[in-house]
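All heavy atoms count here, side chains included; hydrogens, waters and symmetry mates do not. Within every chain, numbering begins at 1; the chains are lettered A, B, ... in the order of the sequence lines, protein sequences first and strands thereafter.
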There are 2 protein chains.
Amino acid sequence: MKRRAFVTGLAAASVAGCGKTGEQPSAASSDTRSFNWKMVTTWPPGFPGLGTGASDLGAMIESASGGRIKVQVYGAGELVPAFEVFDAVSRGTAQIGHGAGYYWKGKAEAAQLFSATPFGMNAQERNAWMFYGDGENLWREVYEPFNLYPVAAGNTGVQMGGWFNKEINSLEDLQSLKMRIPGLGGEVLKRAGGTPVNLPGGEIFTALQTGSIDATEWVGPYNDLAFGLHQAAKYYYYPGWHEPGTCLELIFNKDALDELPDDLRAIALMACRTANENMLAEFTARNQRALMTLVNEHGVELRKFPDDVLGRLKELSREVLQDIVDRDPVARKVYASQRAFQEQVERWHDVSEFAYYQARRL
Amino acid sequence: MKRRAFVTGLAAASVAGCGKTGEQPSAASSDTRSFNWKMVTTWPPGFPGLGTGASDLGAMIESASGGRIKVQVYGAGELVPAFEVFDAVSRGTAQIGHGAGYYWKGKAEAAQLFSATPFGMNAQERNAWMFYGDGENLWREVYEPFNLYPVAAGNTGVQMGGWFNKEINSLEDLQSLKMRIPGLGGEVLKRAGGTPVNLPGGEIFTALQTGSIDATEWVGPYNDLAFGLHQAAKYYYYPGWHEPGTCLELIFNKDALDELPDDLRAIALMACRTANENMLAEFTARNQRALMTLVNEHGVELRKFPDDVLGRLKELSREVLQDIVDRDPVARKVYASQRAFQEQVERWHDVSEFAYYQARRL
């Protein structure tokens, strides 16, 4: 595994690191160019957690650069529609874009594996794979043909399983459902006999309320409450087996990133790492409060998926992933790396995080 | 709960945030002072994960500042001994120091609650309390009288329970033990009838091998392997009930921090947040590999503490914390904040992280 890859990668040509004071020239004083950047996002403008996380990231880049990089943030539809963020940054309409890899599976099948893998790694594990396994290197390989440089820039933690208007007591109960569930989770639902639909966040509530979909997942209590999804469905299921720690991304137009002097490059990348940590902390802090509101004030019924349903969904998830791996050699490489890492980290978390959660409940 | 506190706090006087391009002056171009900082640490020089994490943090500050802040990093004993880091930064001998709050309980009883609380929050929960609860604000209140500004700058995740030369089958088995276990965990051991000892990392192996202590905890497989603790003890117990997500700190001398222009302040704080995330990811990635080496190559026997021992330790932990709270009003305020936050976040993690760990094992 790589040693200090992020640190040395921050500014390969600048400070040699390890705290030894060298005689490097100061990039800050030798390069006083400033940059006006646009950030397009896949989130409704100002949307809690996701949209605000993207705005905060822009503000951090501005602050830490002393205004040498200005960042104008656009919500979905303000400059380009949600699902055109990838193309817009690829061609340089915007310098950066905030979104999630599973929106781009039409561009590159493997992209979705960088946001969430059903029954895959949670946030802490995914970060470990990204930063100290092969995750980020593979990600860059996948996005490189599109002139994009992807960086982890937010994580939701384990999501909720979704909103339903009937109880889910067996796999059969999923079969008649038309459900908003994008990416790999959607493929699993399809294999279970349901009908997955992909909709951007801003269109979910109306679709559910008008009955054009029967069920939906979105993120978790904090975001779902903001959308008012409890007004259109009665049962709220957990856990979110399909998105156990969804990584959001900042994609850089590679030319724009390469144009930055070393110190500004380091600042932009550190701001992403900071945003990645902040978003998980924010969701962790706010979800319980929102869940209480949903249950106590709005009468939402909280339900756990039955074990046999989860067990079957786990099997179907493996099948879906195997299909992707069979038809796409890049996805095969990415998934193999994830699986190998996950097998190890699961065993470590059995004796650490999981064993501790159990001990705390005694 | 506070909204975007970190982002707005990065540089209160600079960019107004939310990505709107303003007309703020560029701090970078108007203030070209440079700074030569010393970082003292409580870790053996270059020690894996902890010492290297501190060095990496120094290197990140240098890179992102374009060399405007140079950071010379000192291991324990190179400039001051491990347990004098707090005083050295307080009086300005060094501008920054990397260590852990529980080393400073002699200075302020509440300090130890900012590193680890027995049966308290894990890393993800602690970050949420720090950044989106009252954690960091309370921490600053506690350190302010010492002219110090503390920031989260690393987390080990759930630690291991420790190294023993006999099996722990009941609480009685702990009673005769002289064990290196600092801070609150040590107080709990004392209440269980054992004898806690506090030693800096560099002295543990020799103490255990010569029999001057019977048992020890340190961090987890990655660090413990590096110290060779398996050469001095046979049984390796989990989970680390006493340190379920230990937060390491960077302490700034307040005068040194206040002297920085806004952009450099933002860079220094972002580098800490980045180090906080990186260290957890590194430990998560490396612990399993080290655990396999310990078990498969060195014949270490992995053991889980019996449930009734954990249950008793949980009760004793509550008693120890209650005692501290009863005698120290500042600790009372900090602990009350932690408890309130933990009760909420535990319920959220019951339906998210914990429920997901369970589902994945089906």
**Study point:** Flag side-chain contact, heavy atom, 4.5 Å: A/Phe119 against A/Leu313
**Key:** yes
Exercise for review: Test side-chain contact (heavy atoms from CB on, under 4.5 Å) on B/Met279 and B/Asn155 and set out the steps.
Suggested key: CA-CA 6 Å; B/Met279 192 185 289; B/Asn155 199 301; 5.9 Å; no
**Study point:** Residue, of B/Glu125, B/His349, B/Glu353, that accumulates the most heavy atom pairs under 4.5 Å with chain A
**Key:** B/Glu353
**Study point:** Note, B/Tyr238 side chain near B/Phe305 side chain (heavy atom, < 4.5 Å)
**Key:** no
Check your understanding: With chain A, which of B/Gln344, B/Arg360, B/Arg273 has the greatest number of heavy-atom pairs at distances under 4.5 Å?
Key -> B/Arg360
Exercise for review: Could you check which of B/Ala123, B/Pro244, B/Gly161, B/Gly311 has the highest count of heavy-atom pairs closer than 4.5 Å to chain A?
Suggested key: B/Pro244
Study note, to complete from the structure: Given A/Gly245, A/Pro221, A/Gly157, the one with more heavy-atom pairs under 4.5 angstrom with chain B than any other is A/Pro221
Study note, to complete from the structure: Answer key: most heavy-atom pairs under 4.5 Å with chain B among A/Asn122, A/Leu310, A/Val351 is A/Val351
**Study point:** Cationic N near anionic O, under 4.0 Å, B/Arg68 to B/Asp31
**Key:** no
Exercise for review: For B/Tyr132 and A/Asn278, run side-chain contact (heavy atoms from CB on, under 4.5 Å): C-alpha distance rounded to whole Å, both residues' side-chain angles, the deciding distance at 0.1 Å, then the answer.
Suggested key: CA-CA 9 Å; B/Tyr132 291 88; A/Asn278 285 358; 3.6 Å; yes
Practice item. Flag the one option from B/Asn287, B/Asn276, B/Asn127, B/Val345 with the top tally of heavy-atom pairs under 4.5 Å to chain A. Key: B/Asn287
Review point. When you check the gap from the basic side-chain N to the acidic O, do B/Arg347 and B/Glu343 get nearer than 4.0 Å?
Key: no
Review point. So which of B/Leu291, B/Asp307, B/Leu264 has the biggest tally of heavy-atom pairs under 4.5 Å with chain A?
Key: B/Asp307
Check your understanding: Just checking, any donor-acceptor pair under 3.5 angstrom between side chains of A/Asp350 and B/Tyr357?
Key -> no
Check your understanding: So B/Glu136 and B/Arg126, salt bridge (charged side-chain N to carboxylate O under 4.0 Å, His left out) or not? Walk me through it.
Key -> CA-CA 10 Å; B/Glu136 280 204 328; B/Arg126 186 168 278 272; over 6 Å; no
Review point. By a 4.5 Å heavy-atom criterion (distance strictly below it), what part of A/Ile267 contacts chain B: side chain, backbone, both, or neither?
Key: both
Exercise for review: Against chain B, label A/Ala271 side chain, backbone, both or neither, depending on which of its atoms sit under 4.5 Å from a heavy atom there.
Suggested key: both
Practice item. Tell me, for A/Gln342 versus chain B, whether the close heavy atoms (under 4.5 Å) come from the side chain, the backbone, both or neither. Key: side chain
Study note, to complete from the structure: From the list B/Gly120, B/Gly46, B/Ala54, the residue making the most non-hydrogen contacts under 4.5 Å with chain A is B/Gly120
Practice item. Identify whether the distance between the nearest side-chain nitrogen and carboxylate oxygen of A/Arg312 and A/Glu315 falls below 4.0 Å. Key: yes
**Study point:** Residue B/Gln159 versus chain A: region with a heavy atom under 4.5 Å
**Key:** neither
Review point. Going by atom types only, do A/Glu243 and A/Thr246 share a side-chain donor-acceptor pair under 3.5 Å?
Key: yes
Check your understanding: At a heavy-atom separation under 4.5 Å, does A/Met160 approach chain B through its side chain, its backbone, both, or neither?
Key -> side chain
Exercise for review: Please state whether the side chain, the backbone, both or neither of B/Ala268 comes within less than 4.5 Å of a heavy atom of chain A.
Suggested key: neither
Exercise for review: Check whether B/Met292 gets within reach of chain A through its side chain, its backbone, both or neither, counting any heavy atom under 4.5 Å.
Suggested key: side chain
